[in-house]
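Values below: all heavy atoms of this structure, side chains included; hydrogens, waters and symmetry mates excluded.
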Amino acid sequence: MTTTPTETKSTPAILLLLLFFVLTYLVPLNNSGLWQPDETRYAEISREMVQSGDWVVPHLLGMRYFEKPIAGYWVNSVSQLVFGENNFAVRFGSALSTGLSAILVFSLAMLLWRERKTAFAASLIYLSMILVLCVGTYSTLDPMFTLWMSAACVCSWLTLRAGTRRGKAGAWALLGLACGMGFLTKGFIACAVPVVAVLPVFVREKRFGELLRYGPLAVIAAALISLPWSLLIAQREPDFWNYFFWVEHIQRFAGERAQHGEPFWFYLPLFLAGSVPWLGLLPGALRGGWKERPARPELFFLLSWAIMPLLFFSLAKGKLPTYILPCMAPLALLLTRYGQGRVLDGRLRALTCNAWINLGLGVVGTLALAVLVIAPAPIPVIFTSQERPKLLLGGAVLVLWCLIAGISLRRPAKFWQLAAICPLLVISVIGMVLPERVTNLKQPQAFIQKHMRELQGCRFILTNNVGLAASLAWELKRKDLLLVHDAGELTYGQRYPDSRDRLLSNDELAPWLQQAKRQGDAALLLRPSKAGELPSYVPVPDAESRIYRYVLLLYRQRTTP
């Protein structure tokens with residue numbers, strides 16, 4: 001078997017892209033504690049799935065958890081089976097999904113332009129976008145959902161360009177399978193996003209007849225892949241679909257009391273910041289996708305996939321930054337084509353502007369850290385006076401960021417893609433430079449591990465926060481924890497008859513502890529609403545340990561009344 005010249009030239013690019021992915025996405029996965037509530041929640045749900053052998057009904061702390069379907073938990077559970085119960089395994093599913101999405105970006109670039117150089121550049125730009133990088137190394141379901149929406153994007157292009165009936169039928173069926181897997185990952189939103197994304201394209205190209213002829217194939221394919229689990233969960237838990245549809249979709253999208261309510265414009269600054277280090281190319285890329293639509297229909301297709309879901313999510317009452325992650329893959333392709341186009345036609349203003357923006361970000365960040373370093377102790381804002389080495393390390397990374405931006409500025413036509421290294425520098429040290437105030441507040445693993453001996457010796461473990469409860473369950477490998485005051489996101493599952501005793505009200509806590517101490521030690525881990533202030537309903541403990549906003553109270557066994 002002979003190797004073609006094209007394959008030989010592609011080998012270094014493949015190896016460099018793979019090295020970039022490993023260094024940027026895989027190496028950092030175990031560098032910091034799990035963030036609560038998201039990472040600890042998904043870690044514990046998957047751990048309980050493996051432990052119980054129940055791969056149909058998600059549970060958190062042994063209680064039914066109906067907020068999401070099953071596929072994301074399957075990925076995380078398999079990851080734990082392969083890598084063990086550790087932070088790397090918890091985050092690996094997100095990193096793997098992001099890597100596979102980058103492959104789909106490469107594939108779509110090849111379908112659009114038949115240029116390997118462009119395809120490699122698009123994958124690199126996608127992997128280096130700040131939003132993609134932050135979410136892709138964080139355990140949540142959005143990278144997995146984005147994988148299926150990226151697949152849907154590729155398939156929707158195939159439906160538009162297939163030349164035969166068999167080809168169109170196959171493309172529509174693949175589109176349905178992608179939507180079906182997206183549905184199993186995050187629900188009905190997987191059916192809405194592709195429709196919203198392609199609607200302007202179908203309107204422009206007047207393809208409504210094709211939609212009516214072949215659309216049912218996509219619906220059938222989506223039903224075939226999602227129906228088995230959907231029927232199983234309905235049989236096991238008849239109320240699942242009622243809760244999941246009305247509460248998690250209708251109320252979250254349009255309800256006045258939707259979770260994470262934000263204004264319509266919430267995603268605009270996130271969209272801009274998420275495109276760093278390619279922000280300088282963004283205006284021209286979006287403008288080109290619109291202005292060049294008569295001659296370049298593929299650019300309009302990508303523009304529609306990038307903007308329409310953004311508008312759709314902006315209409316929702318409930319918003320989280322991770323929701324717009326599916327917009328980034330088509331945006332990366334637009335940015336790549338625009339950047340390469342500027343190199344070919346010699347108009348380098350946008351590339352120079354991008355380098356200036358990156359240089360400005362690096363300089364501002366460096367100056368801010370310099371101010372903190374020279375500030376009198378204690379540093380009043382975020383870092384303590386003992387954390388100055390973290391500031392110096394962060395400053396060194398930002399200086400390198402500035403250096404890379406400077407190189408791009410001197411020769412933008414040749415070195416504009418070096419900007420991808422900037423996020424790599426940041427992610428390589430982020431776990432080492434985070435201030436203790438942040439890690440102590442959002443990463444309780446270290447505090448729990450410090451008191452592991454006392455906690456393992458307790459018969460009863462209680463907490464007033466579901467995120468803390470998930471962290472405790474993950475570290476202690478036990479799910480029989482009790483909640484105090486508020487069940488939070490477990491309120492619905494706690495109402496089932498077999499879980500009603502898992503929540504103690506404020507008035508119930510003191511008498512319950514009095515009885516429990518006759519059977520063994522008890523530990524109560526709190527996150528008070530204000531630092532240093534314990535709730536009035538908490539009894540005086542036998543021992544106490546504090547760190548910033550966490551308080552561990554120990555109640556020793558009493559064998560006599």
Point-to-point distance, once rounded to the nearest 0.5 Å, from [atom1] of [X] to [atom2] of [Y]:
{"X": "Leu525", "Y": "Tyr550", "atom1": "CG", "atom2": "OH", "value": "8.0 Å"}
{"X": "Leu147", "Y": "Leu100", "atom1": "CG", "atom2": "CG", "value": "5.5 Å"}
{"X": "Ser101", "Y": "Met328", "atom1": "OG", "atom2": "CE", "value": "12.5 Å"}
{"X": "Ile427", "Y": "Ile130", "atom1": "CD1", "atom2": "CD1", "value": "8.0 Å"}
{"X": "Leu552", "Y": "Cys458", "atom1": "CG", "atom2": "SG", "value": "7.5 Å"}
{"X": "Tyr126", "Y": "Leu133", "atom1": "OH", "atom2": "CG", "value": "11.0 Å"}

Among all residues two or more places apart in sequence or in another chain, which pass the side-chain hydrogen bond (donor to acceptor under 3.5 Å, both in side chains) test with Glu508?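 With neighbours one apart ignored, the set is Ser505.
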Can you list everything that forms a side-chain hydrogen bond (donor to acceptor under 3.5 Å, both in side chains) with Arg478? Sequence neighbours excluded, please.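 Asp480.
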Taking [X] for the side chain and [Y] for the main chain, is one N or O donor matched with an acceptor at less than 3.5 Å?
{"X": "Ser150", "Y": "Thr146", "value": "yes"}
{"X": "Glu44", "Y": "Leu61", "value": "no"}
{"X": "Asn87", "Y": "Ser32", "value": "yes"}
{"X": "Glu262", "Y": "Lys319", "value": "no"}
{"X": "Ser79", "Y": "Ala89", "value": "yes"}
{"X": "Gln494", "Y": "Arg500", "value": "yes"}
{"X": "Glu475", "Y": "Gln449", "value": "no"}
{"X": "Tyr42", "Y": "Pro37", "value": "no"}
{"X": "Ser77", "Y": "Ser46", "value": "yes"}
{"X": "Thr24", "Y": "Phe21", "value": "no"}

If you compare all heavy atoms of [X] against all heavy atoms of [Y], which two are closest, and at what distance to 0.1 Å?
{"X": "Tyr323", "Y": "Gly318", "result": "CE1-O, 3.9 Å"}
{"X": "Thr336", "Y": "Ala122", "result": "OG1-CA, 3.1 Å"}
{"X": "Leu334", "Y": "Leu286", "result": "CD1-CD2, 4.4 Å"}
{"X": "Thr98", "Y": "Ser94", "result": "OG1-O, 2.8 Å"}
{"X": "Ser156", "Y": "Cys153", "result": "OG-O, 2.7 Å"}
{"X": "Val132", "Y": "Leu325", "result": "CA-CD1, 3.8 Å"}

Could you check if a side-chain atom of [X] sits within less than 4.5 angstrom of a side-chain atom of [Y], using non-hydrogen atoms only?
{"X": "Tyr138", "Y": "Asp38", "value": "yes"}
{"X": "Leu315", "Y": "Phe264", "value": "yes"}
{"X": "Ile448", "Y": "Ser471", "value": "yes"}
{"X": "Asn464", "Y": "Val538", "value": "no"}
{"X": "Tyr73", "Y": "Ile45", "value": "yes"}
{"X": "Val201", "Y": "Met308", "value": "no"}
{"X": "Leu211", "Y": "Val198", "value": "no"}
{"X": "Gln456", "Y": "Leu476", "value": "yes"}

Go through the structure and list residues passing salt bridge (charged side-chain N to carboxylate O under 4.0 Å, His left out) with Arg204, not counting sequence neighbours.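 Here no residue qualifies.
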Go through the structure and list residues passing salt bridge (charged side-chain N to carboxylate O under 4.0 Å, His left out) with Arg91, not counting sequence neighbours.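 Per chain and number, Arg91 pairs via salt bridge (charged side-chain N to carboxylate O under 4.0 Å, His left out) with Glu39.
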In a check of salt bridge (charged side-chain N to carboxylate O under 4.0 Å, His left out) between Glu210 and each of Arg165, Lys168, Arg161, which one passes?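 The option that passes is Lys168.
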Looking only at the side chains, is there a donor atom on one of Ser230 and Trp241 sitting less than 3.5 Å from an acceptor on the other?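 Note: Ser230 and Trp241 side chains miss the donor-acceptor criterion.
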Donor-acceptor side-chain pairing of Glu489 and Tyr65 below 3.5 angstrom: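 Checked: Glu489/Tyr65 side chains pair up, N/O donor to acceptor below 3.5 Å.
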Listed by chain and number, what are the side-chain contact (heavy atoms from CB on, under 4.5 Å) partners of Cys327, not counting sequence neighbours?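 Partners of Cys327 by the side-chain contact (heavy atoms from CB on, under 4.5 Å) criterion, ordered by chain and then number, come out as Phe271, Pro309, Leu310, Ile324.
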Between Leu17 and Leu127, is the side chain to side chain contact (heavy atoms under 4.5 Å, CB included) condition met? List the steps. CA-CA 9 Å; Leu17 195 59; Leu127 289 173; 4.3 Å; yes
For a side chain to side chain contact (heavy atoms under 4.5 Å, CB included) check, start with the C-alpha distance between Leu26 and Phe92, then their side-chain angles and the critical distance, and finish with the verdict. CA-CA 7 Å; Leu26 298 185; Phe92 179 75; 4.1 Å; yes
Measure the acute angle between the ring planes of Phe301 and Trp305, then classify it against the limits of 30° and 60° as parallel, tilted or perpendicular.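 The arrangement is tilted - the two ring planes meet at 30° to 60°.
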Derivation of the side chain to side chain contact (heavy atoms under 4.5 Å, CB included) call for Gln36 and Arg527: CA-CA 12 Å; Gln36 65 100 7; Arg527 182 182 171 187; 3.4 Å; yes
Please determine whether the number of non-hydrogen atoms from other residues, nucleotides or ligands lying under 6.0 Å from atom CH2 of Trp55 exceeds 12.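 Yes.
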Determine whether more than 12 heavy atoms belonging to other residues, nucleotides or ligands lie under 6.0 Å from atom CH2 of Trp474.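 Enclosed: over 12 neighbouring heavy atoms sit under 6.0 Å from CH2 of Trp474.
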Where do Asp507 and Trp512 land on the side chain to side chain contact (heavy atoms under 4.5 Å, CB included) test, with the steps shown first? CA-CA 9 Å; Asp507 296 334; Trp512 185 92; over 6 Å; no
Is the Phe240-Trp229 ring centre distance short of 6.0 angstrom?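 Yes, the ring centres sit under 6.0 Å apart.
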Is the Phe244-Phe66 ring centre distance short of 6.0 angstrom?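 No, the ring centres sit 6.0 Å or more apart.
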Sequence neighbours left out, cut at 3.5 Å: what donor-acceptor pairs do the side chains of residues 176-193 make with other protein atoms?
from: Thr185; atom 1: OG1; to: Met181; atom 2: O; distance (Å): 2.8
from: Lys186; atom 1: NZ; to: Asp142; atom 2: OD1; distance (Å): 2.9

